Asks: 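Questions regarding the structure given below will be posed in turn.
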Amino acid sequence: MDREQLIHKWLNHELTPEEFEAFKSLDDYEELMKLSQNIQSYKAPSYDLNQELAIALNRKNGTSKKRSWMVPFMKFAAVLVICLGIFYVLTTQPTSTHTAIAERAELELPDDSHVTLNALSNLTYNKNNWNKERKVSLDGEAFFKVEKGSKFEVITNFGIVSVLGTQFNIKQREHFFEVTCYEGSVNVLYKQKNTVLKKGDTFLIIDGEILATEKENKKQPSWLDYLSSFKSMPFREVIAEMERQYDVSIKVKGMDLKTPFTGSFPNNNLEVALKTISKPLQLNVKQKGQTIILTRD
């Protein structure tokens with residue numbers, strides 16, 4: 001769970017014991033707790049305004065004068081608490097971009113860094129804190145062109161990718177994590193171990209196992225040119241990517257989904273795409289609406 005989600009659940013008092021331990025490990029945990037304590041100290045006590053007014057009117061003038069300034073003071077304190085709360089929410093509210101099936105999106109970050117999101121992906125960051133911390137959270141796949149400057153971090157469920165200024169691609173799925181460097185250098189932090197990637201290097205994990213890969217000679221990932229490419233990938237990853245690109249449901253019968261596949265398919269022509277993945281594996285194709293069945297005789 002990323003920083004913004006932890007803070008949101010903390011504000012709503014919804015943290016589990018495990019999540020609270022993660023919240024305590026945040027870099028700004030002490031500052032957040034001090035802010036909470038300061039806001040609590042400004043909270044106005046509950047009171048009945050009509051009752052207080054009646055008491056004030058029945059008292060002597062001197063006492064009444066003392067009492068008269070308390071009501072506006074407490075109103076001011078209540079307004080102050082509300083304003084502080086609104087300010088905190090506005091300055092910590094993340095900016096999020098999400099892509100649906102068969103959709104991609106391009107966006108510029110506050111420092112002019114450029115990101116292209118592939119289908120079914122989500123990118124989140126805090127633009128109000130960007131000058132202090134260049135950090136984004138990614139779920140899915142994205143290609144980054146990062147402007148030079150302070151450290152730039154991409155937080156994923158598998159690990160943290162950090163750079164200063166470079167071009168790289170990250171693909172994160174349930175059983176799959178891949179980082180490819182196209183320019184400059186990239187550091188991948190996975191299970192407390194750092195791996196530095198130079199131009200053409202790839203860091204690949206499938207089913208929890210780190211695998212060796214060939215050198216990448218392309219200048220950018222093929223999916224930017226509407227072509228999904230695979231090198232010795234489990235066939236299940238090929239099927240999953242086709243489902244993301246075409247909004248279809250694919251069922252495979254008669255073959256092991258862990259069978260390695262090398263090849264590619266276009267992201268803008270389903271008929272051709274099906275032929276390119278079925279013929280090398282001698283699969284029959286049957287389609288009913290948005291459901292596709294691949295079988296082997």
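Quantities reported herein were computed from a predicted structural model and do not represent experimental measurements. Only heavy atoms go into these numbers, but all of them, side chains included; no hydrogens, no water, no symmetry mates. Nothing fancy with the numbering, it's 1 onward along the sequence.
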Asks: Output yes when a side-chain donor or acceptor of Thr156 lies under 3.5 Å from a complementary backbone atom of Phe158, and no otherwise.
Replies: yes

Asks: Is Ser113 close to Phe152 at the side-chain level, that is, under 4.5 Å between some pair of heavy atoms?
Replies: yes

Asks: Quick one: does any side-chain atom of Arg236 pair with a main-chain N or O of Thr259 as donor and acceptor, under 3.5 Å?
Replies: no

Asks: Just by distance, do the side chain of Glu178 and the backbone of Ile170 share a donor-acceptor pair under 3.5 Å?
Replies: no

Asks: What distance separates Glu214 CD from Leu204 CG, expressed to the nearest 0.5 Å?
Replies: 11.5 Å

Asks: Apply side-chain contact (heavy atoms from CB on, under 4.5 Å) to Thr195 and Asn187, showing your working.
Replies: CA-CA 6 Å; Thr195 301; Asn187 183 74; 5.9 Å; no

Asks: Return the minimal non-hydrogen interatomic distance between Val115 and Ala142, and the atom names on each side.
Replies: CG1-CB, 3.9 Å

Asks: Yes or no on side-chain contact (heavy atoms from CB on, under 4.5 Å) for Val186 and Val196, after CA distance, side-chain angles and deciding distance?
Replies: CA-CA 6 Å; Val186 173; Val196 177; over 6 Å; no

Asks: I want to check something: taking the side chain as every heavy atom from C-beta on, are Phe176 and Ile205 in contact at a cut-off of under 4.5 Å?
Replies: no

Asks: Take Leu197 and Thr202 through the side-chain contact (heavy atoms from CB on, under 4.5 Å) test and state the conclusion after the steps.
Replies: CA-CA 7 Å; Leu197 307 179; Thr202 295; 5.9 Å; no

Asks: Among residues at least two apart in sequence or on other chains, which ones pass salt bridge (charged side-chain N to carboxylate O under 4.0 Å, His left out) with Lys215?
Replies: Asp201

Asks: Let me check something: do Phe235 and Leu211 share a hydrophobic cluster, defined by ILVMFWY side-chain heavy atoms less than 4.5 Å apart, either directly or through other members?
Replies: yes

Asks: Within the side chain of Arg134, is there an N or O that forms a donor-acceptor pair under 3.5 Å with the backbone of Val146?
Replies: no

Asks: Which pairs with one or both residues in residues 269-289 pass side-chain hydrogen bond (donor to acceptor under 3.5 Å, both in side chains), sequence neighbours excluded?
Replies: Asn284-Asp297

Asks: Apply side-chain contact (heavy atoms from CB on, under 4.5 Å) to the pair Ile239 and Val252, showing each step before the final yes or no.
Replies: CA-CA 9 Å; Ile239 295 303; Val252 182; 4.1 Å; yes

Asks: Measure the spacing between CZ of Arg173 and CD of Glu141 and express it to the nearest 0.5 Å.
Replies: 6.0 Å

Asks: Hey, does Phe177 have a side-chain heavy atom less than 4.5 Å from the side chain of Val188?
Replies: yes

Asks: Does Gln167 use its side chain to pair, donor to acceptor, with the backbone of Gly184 at less than 3.5 Å?
Replies: no

Asks: Can a donor-acceptor pair be found between the side chains of Thr180 and Asn169 at a distance below 3.5 Å?
Replies: no

Asks: Would Leu109 end up clustered with Val161 when hydrophobic side chains under 4.5 Å apart are linked, directly or stepwise?
Replies: yes

Asks: Are any non-hydrogen side-chain atoms of Leu117 and Thr97 less than 4.5 angstrom apart?
Replies: yes

Asks: Tell me, please, whether Tyr226 has Arg104 positioned over its six-membered ring: NZ or CZ under 6.0 Å from the ring centre and within 45 degrees of its axis?
Replies: yes

Asks: I'd like to check Gln245 versus Ser228 (side-chain heavy atoms, cut-off strictly below 4.5 Å). Are they in contact?
Replies: yes

Asks: Does Tyr246 reach the main-chain N or O of Asn268 with its side chain, forming a donor-acceptor pair under 3.5 Å?
Replies: yes

Asks: Under the side-chain hydrogen bond (donor to acceptor under 3.5 Å, both in side chains) criterion, do Thr124 and Asn122 qualify, and how do the steps go?
Replies: CA-CA 7 Å; Thr124 303; Asn122 189 76; 3.1 Å; yes

Asks: Regarding Lys145 and Glu108, does a basic nitrogen lie under 4.0 Å from an acidic carboxylate oxygen?
Replies: no

Asks: Can you see whether Asp247 engages Gln290 through a side-chain donor-acceptor pair at a distance of less than 3.5 angstrom?
Replies: no

Asks: Please determine which of Tyr182, Phe144, Phe203 meets the ring pair (Phe, Tyr, Trp, His ring centres under 6.0 Å) test together with Phe168.
Replies: Phe144

Asks: Starting at CD1 of Ile160, measure out to CG of Asn194 and round the result to the nearest 0.5 Å.
Replies: 9.5 Å

Asks: For Asn118 and Glu103, which I'm curious about, is there any donor-acceptor pair between the side chains at under 3.5 Å?
Replies: no

Asks: Out of curiosity, does Leu227 fall in the hydrophobic cluster containing Met242 (side-chain heavy atoms, cut-off under 4.5 Å, transitive links)?
Replies: no

Asks: Is the shortest distance from a Lys or Arg side-chain nitrogen in Asp225 or Lys218 to a carboxylate oxygen in the other one below 4.0 Å?
Replies: no

Asks: If you round to the nearest 0.5 Å, how far is CG of Leu123 from CG of Leu138?
Replies: 6.0 Å

Asks: How about Tyr125 and Pro110: do any of their side-chain heavy atoms sit closer than 4.5 Å?
Replies: yes

Asks: Is a side-chain N or O of Thr291 found less than 3.5 angstrom from the main chain of Ser249, in a donor-acceptor match?
Replies: no

Asks: Are the side chain of Glu243 and the backbone of Ile250 linked by a donor-acceptor contact shorter than 3.5 Å?
Replies: yes

Asks: Taking salt bridge (charged side-chain N to carboxylate O under 4.0 Å, His left out) as the test, write out the residues that go with Glu153, two or more places apart.
Replies: Lys135, Lys151

Asks: Is there a side-chain contact between Glu241 and Phe265, using heavy atoms and a 4.5 Å cut-off?
Replies: yes

Asks: Please lay out, stage by stage, how Lys171 and Glu237 fare under the test salt bridge (Lys or Arg N to Asp or Glu O under 4.0 Å).
Replies: CA-CA 12 Å; Lys171 184 175 183 178; Glu237 299 297 334; 5.6 Å; no

Asks: Mind checking whether Lys253 and Leu294 have side chains closer than 4.5 Å, heavy atoms only?
Replies: no

Asks: To the nearest 0.5 Å, how far apart are CG in Leu283 and CE in Met255?
Replies: 5.5 Å

Asks: As an exercise, state the distance from CG of Leu224 to OG1 of Thr116, rounded to the nearest 0.5 Å.
Replies: 5.5 Å

